[in-house]
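Here the structure comes first, spelled out in structure tokens, and everything after it is commentary.
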Amino acid sequence: SRDFLLLHHSNPSDPKSADAAFNVYQTLLFSTVAWWSTPKLTAESFSTFIQSVVDRLPSSSSTFPGPSLFGEQLVDMVWSIDTELEEIAIEHRPPNDKAVPTLEYKRVEADKQVLVDIVARLLVCLHVLINDSPPQRALRPPKSFRPQL
């Protein structure tokens with residue numbers, strides 16, 4: 001729950017708190033991709049949850065150590081999952097451009113696109129947190145924004 005995460009965000013120097021928050025975010029992030037199991041969350045629901053946590057974090061003028069640790073954890077998790085998916089994609093990549101991609105390859109590529117969507121949404125969320133300003137819009141990146149992981 002959000003309260004559980006907020007408790008652990010208030011004490012990031014405690015290794016147990018950092019591990020607990022990391023495990024929650026990692027579990028939620030893995031639940032957005034289809035390779036390992038049926039997705040339980042969409043990119044939008046994941047980022048909406050993250051936004052709700054960010055909205056409840058203390059302002060930068062209080063004891064919250066800033067967005068860097070929070071953002072770094074999320075980036076590390078996305079990067080780790082993307083790396084695993086890339087290794088799987090390499091195993092299932094068609095031998096040439098004319099070959100029909102396998103179902104497995106299509107699934108992995110779809111999961112990688114989910115991660116791109118999550119990253120774009122998190123950039124909006126973390127930008128708001130870093131700039132210490134209230135959200136001006138929902139977590140939706142511009143349609144033209146498509147970062148490559």
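Sequence positions, counted from 1, serve as the residue numbers for this chain.
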Q: Considering non-hydrogen atoms only, spot the tightest contact between Thr32 and Thr42 and give its length.
A: CG2-O, 4.1 Å

Q) Which atom names give the shortest non-hydrogen contact between Pro94 and Pro101, and what distance separates them? A) CG-CA, 3.6 Å

Q. Looking at CE of Met77 and CZ of Phe30, how far apart are the two atoms once the value is rounded to the nearest 0.5 Å?
A. 10.0 Å

(Q) Once salt bridge (Lys or Arg N to Asp or Glu O under 4.0 Å) is applied, do any residues pair with Glu86, and if so which ones, sequence neighbours excluded? (A) Arg93, Lys112

Q. According to the salt bridge (Lys or Arg N to Asp or Glu O under 4.0 Å) rule, which pairs have a member within residues 96-107, sequence neighbours left out?
A. none

Q: Taking all non-hydrogen atoms of both residues into account, name the closest pair between Thr102 and His92 and its distance.
A: OG1-O, 3.5 Å

Q.
Could you check whether any side-chain N or O of Asp111 sits under 3.5 Å from a backbone N or O of Trp35, counting only pairs where one atom can act as donor and the other as acceptor?
A. yes

**Q.** For the student: nearest non-hydrogen atoms of Ile81 and Leu115, plus distance
**A.** CG2-CD1, 3.7 Å

(Q) Is any side-chain heavy atom of Asp3 closer than 4.5 Å to one of Arg56? (A) yes

Q. Rounded to the nearest 0.5 Å, what separation is found between the CG atom of Asp82 and the CD1 atom of Ile118?
A. 11.0 Å

Q: Could you tell me the separation between the CG atom of Leu74 and the CD atom of Gln26, rounded to the nearest 0.5 Å?
A: 11.5 Å

Q: Kindly say whether Leu28 contributes a backbone atom to a donor-acceptor pair with the side chain of Ser31 at under 3.5 angstrom?
A: yes

Q. Which heavy-atom pair separates Glu109 from Ala89 by the least distance, and what is that distance?
A. OE2-CB, 3.7 Å

Q) Counting distance only, does the side-chain N/O of Thr83 pair as donor-acceptor with the main-chain N or O of Trp79 below 3.5 Å? A) yes

**Q.** Co-membership, hydrophobic cluster, residues Phe46 and Phe49, 4.5 Å side-chain
**A.** yes

**Q.** Separation of Ile50 CD1 from Tyr25 OH (nearest 0.5 Å)
**A.** 5.0 Å

Q. To the nearest 0.5 Å, how far apart are CG in Asn23 and CG in Asp19?
A. 6.5 Å

(Q) When you measure from the side chain of Ser45 to the backbone of Leu41, do you find a donor-acceptor pair of N or O atoms at a distance under 3.5 Å? (A) no

Q: Verify the cluster assignment for Val24 and Leu122: are they in a single hydrophobic cluster under the rule of side-chain heavy atoms below 4.5 Å apart?
A: yes

Q: Can you see which heavy atom on Glu84 is nearest to which on Trp36, and at what distance?
A: OE1-CZ2, 3.5 Å

